[in-house]
Amino acid sequence: MQTQVWRAEGYAKNARFVSELGRPLLAMLDPRPGERILDLGCGDGALTAEIAASGAEVLGVDRAPDMVRAARERGLRAELADAMALPFVGGFDAVFSNAAIHWMKRDPDAVVAGVARALEPGGRFVGEFGGFGNVAAIVTALVAVLQRRGIDGAAALPWYFPSPAAWRETLERHGFTLLEVALVPRPTPLPTGMAGWLETFAGPLFATLAEEERPAARDEVIELLRPSLCDEAGNWIADYVRLRFAARLEARSRTEVERC
Ligand code: BEZ
């Protein structure tokens with residue numbers, strides 16, 4: 001699987017809606033002054049800043065150096081970290097994550113194990129990411145276009161979109177009790193159209209093609225999607241489905257959680 005490269009500038013132009021539409025999740029997190037909160041996959045820190053404004057002590061982590069730089073430029077505490085190998089042992093009352101976990105397909109169990117290690121017993125894990133059926137039309141078009149070029153597009157997909165049942169099992173394996181979970185269809189207007197979306201989010205898939213093949217492949221994906229995702233006025237609307245959840249780490253000893 002090719003890895004995604006994040007650039008804060010391109011993200012702000014093509015994908016500011018990701019943090020804008022993640023705002024309702026802050027109400028679910030309900031951060032309190034003095035609470036220690038980890039923002040997992042903080043990106044450029046747009047939501048981390050709102051958590052900090054509540055008076056909580058927030059640390060953002062991201063695996064993209066350019067995003068960590070952008071978050072620090074907002075005056076936030078932010079560190080480079082691999083979500084699949086989180087270095088924290090206790091110290092956090094809550095872990096928050098918006099639109100990041102679907103990028104952690106390689107080992108979601110390692111992510112949840114790291115979150116459990118980072119939380120104090122009874123701590124909460126609140127988040128939202130792509131759920132089962134997310135961007136289904138886009139996935140189908142990408143797989144078809146890659147398949148026409150001899151590539152197993154399904155195997156190359158870099159995204160993890162679990163069902164609520166599968167996510168519950170993953171959380172429970174690591175000592176969490178799921179308090180709330182929902183699949184939320186959220187048709188999402190794309191400010192820079194499908195071309196901007198593909199440029200920002202589908203890099204790992206186009207990287208499976210030779211450079212000279214990419215523009216034609218991209219145009220083919222766009223034309224396949226036009227009838228279902230572009231309205232009469234030329235507005236592109238992506239078929240997002242969010243998996244939104246809140247969970248609590250059972251008040252067991254950390255050693256017990258680590259053994260799971
Ligand atoms: C999402 O936020 O659901 C998403 C982002 C990038 C690729 C696919 C899905």
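Computed from a prediction, not measured in an experiment: that's the story for all the values here.
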What's the spacing between [X] [atom1] and [Y] [atom2] if we round to 0.5 Å?
X    : Y    : atom1 : atom2 : value
L243 : R168 : CG    : CZ    : 11.0 Å
R214 : E211 : CZ    : CD    : 5.0 Å
D93  : E57  : CG    : CD    : 9.0 Å
M28  : R124 : CE    : CZ    : 11.0 Å

(message) Taking A71's backbone N and O only, do any of them form a donor-acceptor pair with D44's side chain (distance below 3.5 Å, no angle check)?
(response)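 Checking the backbone N and O of A71 against the side chain of D44, no donor-acceptor pair under 3.5 Å is found.
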(request) Determine yes or no for a side-chain-to-main-chain donor-acceptor pair under 3.5 angstrom, with T170 supplying the side chain and A166 the backbone. (result) yes
(message) Would you say that L229 contacts I237 through its side chain, given a criterion of any heavy-atom pair below 4.5 Å between the two side chains?
(response)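 No, their side chains stay 4.5 Å or more apart.
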(request) Answer yes or no: is there a side-chain heavy-atom contact under 4.5 Å between F161 and H102? (result) yes
Answer yes if [X] and [Y] sit in the same cluster of Ile, Leu, Val, Met, Phe, Trp and Tyr residues linked by side chain heavy atoms under 4.5 Å apart, and no otherwise.
X    : Y    : answer
W103 : L25  : no
F92  : F96  : no
V68  : L59  : no
I101 : L47  : no
M104 : V181 : yes

(message) Other residues, nucleotides and ligands only: do more than 12 of their heavy atoms fall within 6.0 Å of CZ on R248?
(response)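 No - once you tally the heavy atoms of other residues, nucleotides and ligands closer than 6.0 Å, there are 12 at most.
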(request) Could I get the full list of ring-ring contact (aromatic ring centres under 6.0 Å, His included) partners for F132, not counting sequence neighbours? (result)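 So F132 forms no ring-ring contact (aromatic ring centres under 6.0 Å, His included) with any residue.
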(request) With sequence neighbours excluded, tell me which residues meet ring-ring contact (aromatic ring centres under 6.0 Å, His included) with F245. (result)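 Expected list: F125, W167.
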(request) Give every residue pair that meets the salt bridge (Lys or Arg N to Asp or Glu O under 4.0 Å) criterion with at least one member in residues 228-242, sequence neighbours excluded. (result) E128-R242
(message) Suppose the criterion is salt bridge (Lys or Arg N to Asp or Glu O under 4.0 Å): which pairs have a residue in residues 137-149, not counting sequence neighbours?
(response)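 The answer is R148-E220, R149-E220.
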(message) I'd like to know if R244 pairs up with E180 as an ion pair, taking the criterion as any Lys NZ or Arg NE/NH1/NH2 lying under 4.0 Å from an Asp or Glu carboxylate oxygen.
(response) no
(message) Closer than 4.0 angstrom, basic N to acidic O: yes or no for R32 and E35?
(response) no
(message) Which residues pass the salt bridge (charged side-chain N to carboxylate O under 4.0 Å, His left out) test with D82, not counting sequence neighbours?
(response) none
(request) Using the test salt bridge (charged side-chain N to carboxylate O under 4.0 Å, His left out), find all partners of E73 that sit at least two apart in sequence or belong to another chain. (result) R69
So which atom in [X] and which in [Y] form the shortest heavy-atom distance, rounded to 0.1 Å?
X    : Y    : value
L21  : P24  : O-CD, 3.3 Å
L40  : A100 : O-CB, 3.8 Å
L183 : G131 : CD2-CA, 3.7 Å
L29  : A94  : CD1-CB, 4.0 Å

